[in-house]
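Structure record follows, encoded as structure tokens.
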Amino acid sequence: MVSNIALKFTFFGLIILAVILEVVGDVFFKKWSIESKNILLYIGLLIYFIGTVFWAISLKYEYISKAIPIFTVLNLIIVVIVGVLYFKEDLSLINKIGIDLGILSVILIEL
């Protein structure tokens with residue numbers, strides 16, 4: 001029988017992979033919106049689709065009521081980091097507070 005810890009690691013591995021792929025897809029979408037090169041849109045869609053497949057597989061290992069908030073907050077955090085570092089976007093104080101509350105929500109869900 002597979003241990004509960006192994007299932008958690010499998011779940012988080014799949015979620016992290018899905019989030020990374022979807023963030024990469026988001027970067028291609030943003031670059032497409034700036035540069036208007038359709039190939040960027042198609043690459044973004046393909047990568048986003050692959051990320052969604054990993055997301056769907058992750059649902060085999062955790063309840064959807066836990067999986068969706070974790071996926072959403074991790075996606076939010078990484079997209080914000082990419083937006084700030086790569087696209088030089090600004091964050092307001094209220095944005096920073098919202099991100100902190102999102103992180104806190106994932107911690108509370110996992111307790």
Side-chain angles (χ1 to χ4, degrees):
M1 182 175 202
V2 179
S3 73
N4 194 26
I5 294 173
L7 292 175
K8 284 279 187 195
F9 276 118
T10 302
F11 168 72
F12 276 109
L14 288 166
I15 284 287
I16 289 169
L17 184 58
V19 167
I20 289 169
L21 287 168
E22 291 202 6
V23 169
V24 170
D26 287 338
V27 169
F28 276 97
F29 293 152
K30 178 66 175 180
K31 290 185 75 60
W32 167 75
S33 72
I34 294 168
E35 299 175 16
S36 296
K37 294 180 182 175
N38 286 339
I39 189 70
L40 297 173
L41 173 64
Y42 301 135
I43 292 170
L45 286 170
L46 177 65
I47 294 171
Y48 211 82
F49 174 75
I50 294 168
T52 302
V53 170
F54 282 106
W55 156 244
I57 294 169
S58 76
L59 294 177
K60 294 171 100 176
Y61 301 97
E62 187 61 81
Y63 294 117
I64 194 167
S65 61
K66 283 186 172 184
I68 286 177
I70 292 168
F71 176 83
T72 303
V73 172
L74 288 176
N75 197 348
L76 166 81
I77 292 166
I78 295 174
V79 166
V80 167
I81 291 169
V82 169
V84 169
L85 297 178
Y86 186 72
F87 292 107
K88 308 297 185 223
E89 297 175 350
D90 293 326
L91 288 178
S92 68
L93 177 61
I94 198 76
N95 296 140
K96 293 173 186 173
I97 292 170
I99 292 166
D100 291 341
L101 290 173
I103 293 168
L104 178 63
S105 72
V106 169
I107 293 169
L108 292 175
I109 287 170
E110 282 302 309
L111 292 179

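Counting begins at 1 with the first residue of the sequence. Below, each value reflects all heavy atoms present in this structure, side chains not excepted, and no hydrogens, waters or symmetry copies.
- The 12-atom threshold is not exceeded at NZ of Lys60, counting heavy atoms of other residues, nucleotides or ligands nearer than 6.0 Å.
- Taking CD1 of Ile43 as the reference point, atom NZ of Lys31 lies at 11.0 Å (rounded to 0.5 Å).
- Between Phe29 and Leu41 the shortest side-chain heavy-atom distance falls below 4.5 Å.
- Inter-residue side-chain proximity for Phe71 and Ile68 is flagged as unmet; no heavy-atom pair is nearer than 4.5 Å.
- When all heavy atoms are compared, the tightest approach of Ile15 to Ala67 is CD1-O, 4.5 Å.
- Taking the side chain to side chain contact (heavy atoms under 4.5 Å, CB included) definition, one finds that Asn38 meets it with Trp32, Tyr42, sequence neighbours left out.
- Connection of Tyr86 to Ile34 is established within a shared hydrophobic cluster, with ILVMFWY side chains joined at heavy-atom distances below 4.5 Å, either directly or through further cluster members.
- The shortest non-hydrogen separation linking Val73 to Gly102 is CG1-O, 3.3 Å.
- Grouping the Ile, Leu, Val, Met, Phe, Trp and Tyr side chains by contacts below 4.5 angstrom, directly or via other members, places Leu14 apart from Ile109.
- Taking the side chain as every heavy atom from C-beta outward, Leu21 and Trp55 never approach each other to under 4.5 Å.
- No side-chain heavy atom of Ile81 sits under 4.5 Å from any side-chain heavy atom of Val23.
- Tyr63 and Leu74 fall into different hydrophobic clusters, where Ile, Leu, Val, Met, Phe, Trp and Tyr residues are linked whenever their side-chain heavy atoms come under 4.5 Å apart, directly or through other members.
- The minimum heavy-atom distance between Ala18 and Gly51, with the atom names listed, is CB-O, 3.3 Å.
- Surrounding NZ of Lys37 are at most 12 heavy atoms belonging to other residues, nucleotides or ligands under 6.0 Å away.
- A side-chain N or O of Ser92 and one of Asn95 form a donor-acceptor pair less than 3.5 Å apart.
- In the hydrophobic cluster analysis, where Ile, Leu, Val, Met, Phe, Trp and Tyr join through side-chain heavy atoms closer than 4.5 angstrom, Phe49 is grouped together with Ile39.
- The shortest side-chain heavy-atom distance between Phe87 and Val27 falls under the 4.5 Å cut-off.
- Here the closest heavy-atom approach between residue Ile47 and residue Gly25 is recorded as CG2-N, 3.8 Å.
- A pairwise comparison of heavy atoms in Glu22 and Asn75 identifies OE1-ND2, 4.0 Å as the closest pair.
- Taken from CZ in Phe11 to CD1 in Ile16, the straight-line distance is 9.5 Å, to the nearest 0.5 Å.
- Two residues are said to be in side-chain contact when any heavy atoms from C-beta on lie closer than 4.5 Å; Ile5 and Phe9 meet this criterion.
- Considering Ile77, Leu108, Leu76 in turn, Ile77 is the only one that fulfils the side-chain contact (heavy atoms from CB on, under 4.5 Å) rule with Ile103.
- Linking Ile, Leu, Val, Met, Phe, Trp and Tyr residues whenever their side-chain heavy atoms come within less than 4.5 Å leaves Leu104 and Ile94 in two separate clusters.
- In this structure, OH on Tyr61 lies 5.5 Å from OG1 on Thr10, to the nearest 0.5 angstrom.
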